[in-house]
Amino acid sequence: METKRRIELEYTQEFKIACKINNLRPEDLLQYFINHVSFYAFIGGNMEAIYLWATTVCIDFKEEYGGEPQPVTDHRIQEISLKYIKMLTALNMDDGAPKTLEHYNSVSIMKEWSVEMSPITNYETYVQISDEVLLQLTFDFNLVCRMNGTEIQGLLQYFINRISLARERALNLHRLIKTDPSTAFLLLLISQHENVKYKILPQQEMYKKFAARLLKLDEQQEGESNLENKIRNYNIFYLDWYNALNKNIN
């Protein structure tokens with residue numbers, strides 16, 4: 001395998017649980033996240049919810065940890081960027097365009113921008129996260145990171161750290177409005193993306209068993225007023241599910 005820049009990522013227990021329960025390899029979930037970060041959504045463009053949530057993760061990371069945008073001094077890059085930003089802005093201001101057409105046109109514009117920019121920029125196309133695994137970095141992802149002054153490793157680790165099925169379930173039951181973009185992205189991915197939604201799980205019976213237990217746990221937690229207690233109880237449940245899957249597969 002060709003050597004690329006190596007970054008070190010630590011998979012939290014909750015991230016591993018979320019991947020195992022949804023039959024996703026960690027590197028696949030990370031790649032899905034990268035692929036859905038959208039510069040058009042970043043500047044306020046109208047995109048599908050899964051792109052908005054992925055891009056919101058980047059914005060939240062910037063707000064929490066800061067970062068200085070990298071200055072662009074090359075006049076060619078400045079001129080090219082200004083041209084395409086104007087095109088995207090005009091597209092965003094066209095209220096008469098159907099949403100599907102707007103999405104298609106924004107993707108087309110970004111592809112043109114990428115082709116024109118690639119020869120004169122040093123954007124990374126891949127990073128290595130293990131001896132066997134490379135993550136492909138899209139032009140959109142690179143661009144949003146550059147404009148936010150965000151390190152790729154830090155952003156990916158932030159996405160990993162924020163994934164929590166237990167917290168999301170407890171928050172929904174607690175009827176709080178705030179949701180976490182990382183977990184919201186995961187839930188949208190597994191419910192809408194055909195490559196994931198219709199994936200045949202090797203543990204169907206166990207999945208049905210724990211899904212039924214989860215509904216009963218929801219009923220039990222209705223009377224719990226303390227949010228942290230709810231999160232802890234759901235954490236125990238999801239860890240039990242994770243361990244059962246590992247035992248069954250082994």
Sequence-distant partners of Leu239, side-chain contact (heavy atoms from CB on, under 4.5 Å), two or more places apart: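 Gln13, Ile17, Tyr242, Asn243.
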Enclosure of Glu151 CD (heavy-atom neighbours >12, cutoff 6.0 Å):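 Result for CD/Glu151: open.
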By side chain to side chain donor-acceptor pair (under 3.5 Å) - contacts of [X] (at least two apart):
X	answer
Asn92	none
Glu64	Tyr158
Asn235	none
Lys83	Glu116

Between the side chains of Asn233 and Glu224, is a donor N or O closer than 3.5 angstrom to an acceptor N or O?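 Glu224 and Asn233 do not have a side-chain donor-acceptor pair below 3.5 Å.
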Which atom names give the shortest non-hydrogen contact between Tyr51 and Asn35, and what distance separates them?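 Shortest heavy-atom contact: CE2-O, 4.2 Å.
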Tell me, please, which residues at least two apart from [X] pass salt bridge (charged side-chain N to carboxylate O under 4.0 Å, His left out).
X	value
Glu8	Arg6
Glu124	Arg5
Asp94	none

The criterion is ring pair (Phe, Tyr, Trp, His ring centres under 6.0 Å); which residues satisfy it with [X], sequence neighbours excluded?
X	answer
Tyr11	Phe15
Phe141	none
Tyr123	Phe139

Pairs involving residues 38-47, ordered by first then second residue, that meet side chain to side chain donor-acceptor pair (under 3.5 Å) (sequence neighbours left out):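 Applying side chain to side chain donor-acceptor pair (under 3.5 Å) to every pair that reaches into residues 38-47, excluding sequence neighbours, yields Tyr40-Glu102.
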